[in-house]
Amino acid sequence: MTRTIMHIDVNSAFLSWTAVHMLQHGSSIDLRNIPSIIGGNQATRHGIVLAKSIPAKGFKIQTGEPVFQAKQKCPNLVVMPPDYFLYMQCSSALSEILQNYSDKIQLFSIDECFLDYTGIEKILGEPIKVANQIREQIRKELGFTVNIGISTNKLLAKMAGDLKKPDMTHTIYPEEISAKMWPLPVEDLYMVGRATAPKLKGMGIHTIGDLANTDIELLKYKFKSWGLMLHAYANGIDESPVHPGSGHTVIKGIGNSTTVYFDVIDKQTAYKVLLSLVETVSMRLRFSGFCCSVVAVSLKTDELISSSHQKKLMTPIDCTNAVFKEVKSLFDEMWRGQPIRQMGIRVSDLYTKDYIQLSFFEENWDKQRRLDKTIDEIRIKYGSNAVIRSSFLWSGLSPLEGGVVDEFPVMSSIL
DNA sequence: TCTGGGGTCCTAGGACCC
DNA sequence: TCTGGGGTCCTAGGACCC
């Protein structure tokens with residue numbers, strides 16, 4: 001059966017949302033009309049560009065580049081800090097509007113979703129007309145603009161939505177692929193990133209059309225399964241369904257990482273940072289109702305060299321102290337004394353709790369679990385800083401690092 | 001104070017088993 | 001005595017997305 005899929009994407013999401021918020025609070029300038037960015041704090045070494053206005057784009061400023069570099073490109077650049085709470089509110093407001101048009105909506109990220117419009121034509125009308133209606137409703141009621149892409153699958157809808165911005169509706173139906181998608185540079189294809197694009201170009205593949213018409217066996221030989229996926233995408237082939245709800249499927253792992261505002265050079269400080277990460281990750285793990293059987297630690301040195309170590313456990317765990325114990329031993333195993341810029345921890349291989357209950361007596365974690373439960377409850381009731389470890393007092397470090405709520409799981413490589 | 005933070009998936013190599 | 005070969009699990013690293 002032929003499907004009708006829409007992809008809805010907020011134009012310069014973080015920047016637009018901050019701009020609208022400022023206008024609503026009496027600002028006379030609209031960030032969207034001047035060279036501006038949403039940028040992290042340079043003083044705490046979080047200074048990268050998170051979103052840019054269209055005028056800023058004119059200065060060749062790119063998302064992900066250092067803020068200082070963006071300022072060099074445009075000395076009058078206006079830099080605003082991110083406000084994730086506002087962004088979550090805006091995102092929720094958006095999805096509330098979309099609920100009126102279909103009950104099959106997949107929140108793909110905080111500012112993107114897919115909407116399955118299949119069969120709804122008969123009730124609400126022709127897709128392009130309705131997409132324009134949706135855009136208008138969002139603009140009127142929420143004050144920001146979106147692009148909407150329409151096609152017969154998610155990949156083509158997403159590619160369509162990326163065509164020309166802002167505030168536009170586009171289609172790339174299968175019969176339009178050769179005219180609308182194939183002339184685009186190959187790096188515009190979803191899943192062709194910084195590493196793949198140069199390799200393709202080295203093979204003489206410069207456009208999506210070139211890729212679509214490259215011998216599949218050659219792509220398979222060079223890129224393995226990745227090559228098959230790229231070939232399918234270049235030809236507009238994608239059968240993945242719109243998964244209702246947030247993200248894609250069930251959660252596979254939970255992680256937190258942080259760039260410390262100074263280089264960590266001693267073990268005691270490193271342990272404190274790791275503990276603050278473990279506190280939030282293990283709390284999220286408990287809230288999710290899972291135990292993990294893989295714990296991983298990752299480090300990035302002052303020279304930006306990354307490494308990671310992980311460990312598979314015989315017994316799945318969810319206690320703060322149990323996770324921390326593994327994290328410390330992984331850290332000890334890998335750290336050779338280099339100054340550390342960034343630290344991260346991640347738990348995966350998740351199992352539901354009832355399945356592993358018995359084995360807990362092994363390590364006598366039972367008492368720990370009751371303690372965790374009590375602390376979790378106090379933090380929910382009185383705020384996350386109601387209970388903190390005394391070791392964080394006067395340390396200059398945050399006792400809980402990273403977000404507790406994972407509202408918006410990100411997409412996987414398989415749409 | 002120049003380069004964030006949250007994810008998923010794939011691959012290669014080694015260990016180990018039959 | 002010449003070293004095969006399939007399968008699984010684990011780990012580290014790399015690719016991609018927003």
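Between C/dG4 and B/dG14, the two P atoms lie 15 Å apart (nearest whole Å).
Atom CG of A/Leu189 is separated from atom P of C/dA15 by 18 Å (rounded to the nearest Å). Between A/Tyr190 atom OH and C/dA15 atom P the separation is 17 Å, expressed in whole Å. As a whole-Å value, the separation of A/His46 NE2 from B/dT3 P is 10 Å. Summarising the geometry, the separation between CD1 on A/Ile110 and C1' on B/dG4 is reported as 15 Å, rounded to the nearest angstrom. Rounded to whole Å, atom P of C/dC18 lies 18 Å from atom OH of A/Tyr87. Rounded to a whole Å, the CZ atom of A/Phe114 is 10 Å from the P atom of C/dC18. Between the P atom of C/dC18 and the CZ atom of A/Phe14 lies a distance of 13 Å, rounded to the nearest Å. Look at CG on A/Leu228: it is 12 Å from P on B/dC10, rounded to the nearest Å.
Between A/Thr44 and B/dT1 there is no side-chain polar atom (N or O) within less than 4.0 angstrom of OP1 or OP2. Residue A/His309 places no side-chain N or O under 4.0 Å from the OP1 or OP2 atom of C/dT11. Side-chain N/O atoms of A/Thr259 include none lying less than 4.0 angstrom from OP1 or OP2 on B/dT3. OP1 or OP2 of B/dA12 has at least one side-chain nitrogen or oxygen of A/Lys224 nearer than 4.0 Å. For A/Ser225, no side-chain nitrogen or oxygen approaches OP1 or OP2 of B/dC9 to under 4.0 Å. OP1 or OP2 of C/dG13 has not a single side-chain nitrogen or oxygen of A/Ser306 nearer than 4.0 Å. Proximity of A/Lys300 to the phosphate of B/dG5: no side-chain N or O atom is located under 4.0 Å from OP1 or OP2. An OP1 or OP2 oxygen of B/dG6 is reached within less than 4.0 angstrom by a side-chain nitrogen or oxygen of A/Asn256. Distances shorter than 4.0 Å separate none of the side-chain N or O atoms of A/Lys312 from OP1 or OP2 on C/dT11. OP1 and OP2 of B/dG6 both lie 4.0 Å or more from every side-chain N or O belonging to A/Arg346. Distances shown here put a side-chain N or O of A/Thr258 below 4.0 Å from the OP1 or OP2 atom of B/dG5. Put simply, A/Gln342 has a side-chain N or O that comes within less than 4.0 Å of OP1 or OP2 on B/dG5.
Shown here, C/dC2 is classed anti by the O4'-C1'-N9-C4 or O4'-C1'-N1-C2 angle, which is more than 90° from 0.
Ring orientation note: the planes of A/Tyr87 and A/Phe14 are close to parallel, at an angle under 30° on the 30°/60° scale. Ring geometry, A/Phe114 versus A/His7: the interplanar angle falls from 30° to 60°, so the pair is classed tilted.
At a threshold of 4.0 angstrom between heavy atoms, the contacts of A/Gly40 with the nucleic acid are absent. Nucleic acid contact class of A/Glu65 (heavy atoms, under 4.0 Å, all strands): none. Backbone-only contact: A/Gly253 has heavy atoms under 4.0 Å from sugar-phosphate atoms and none from a base. Using a 4.0 Å heavy-atom cutoff across all strands shown, A/Ala43 reaches no nucleic acid atom at all. When heavy atoms are screened at a 4.0 angstrom cut-off, A/Tyr261 is found touching base atoms of the nucleic acid. Within 4.0 Å (heavy atoms only), A/Val67 reaches no atom of the nucleic acid at all.
Side-chain proximity of A/Pro66 to B/dG5, B/dT3, C/dC16: nearest is B/dT3. Listed candidates were C/dC16, B/dT8, C/dT11. Nearest to the side chain of A/Ile251 is B/dT8. The A/Ile48 side chain lies nearest to B/dT3 when the options are B/dG5, C/dG13, B/dT3. Among the nucleotides C/dC16, B/dG5, C/dC18, the one closest to the side chain of A/Met191 is C/dC16. Residue A/Arg341 has its side chain nearest to B/dT3 when only C/dC16, C/dG13, B/dT3 are considered. For A/Ala195, whose side chain is taken as the heavy atoms from C-beta onward, the closest listed nucleotide among B/dT3, C/dA15, C/dT11 is C/dA15. Residue A/Trp226 has its side chain nearest to C/dC16 when only C/dC16, B/dG4, C/dC17 are considered. The nucleotide whose nearest atom lies closest to any side-chain atom of A/Glu333 is, among C/dA12, C/dC16, B/dT8, C/dA12. Checked against C/dT11, B/dT8, B/dT3, the side chain of A/Gln310 finds its nearest nucleotide in C/dT11. You'll find that the side chain of A/Glu112 is closest to C/dC18, out of B/dG5, B/dT8, C/dC18.
Judged purely by distance below 3.5 Å, without hydrogens or angles, the side chains of A/Ser348 and A/Lys252 never pair a donor atom with an acceptor atom. Judged by distance alone, the side chains of A/Asp162 and A/Asn147 never bring a donor and an acceptor atom under 3.5 Å apart.
Classification of A/Asp263 and A/Arg45 as a salt-bridged pair holds, one side-chain N sitting under 4.0 Å from a carboxylate O. A salt bridge links A/Glu279 with A/Arg389: the distance from a Lys NZ or Arg NE/NH1/NH2 to an Asp or Glu carboxylate oxygen falls below 4.0 Å. The pair A/Glu187-A/Arg194 does not meet the salt-bridge criterion, since no charged nitrogen lies less than 4.0 angstrom from a carboxylate oxygen.
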Quiz item: Should A/Cys292 and A/Leu285 be marked as a side chain to side chain contact (heavy atoms under 4.5 Å, CB included) after you check the CA-CA gap, both sets of side-chain angles, and the distance that decides it?
Solution: CA-CA 8 Å; A/Cys292 69; A/Leu285 180 62; 4.0 Å; yes
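Base pairing of C/dC18: its partner is B/dG5, meeting the Watson-Crick or G-U wobble criterion (both donor-acceptor distances under 3.5 Å).
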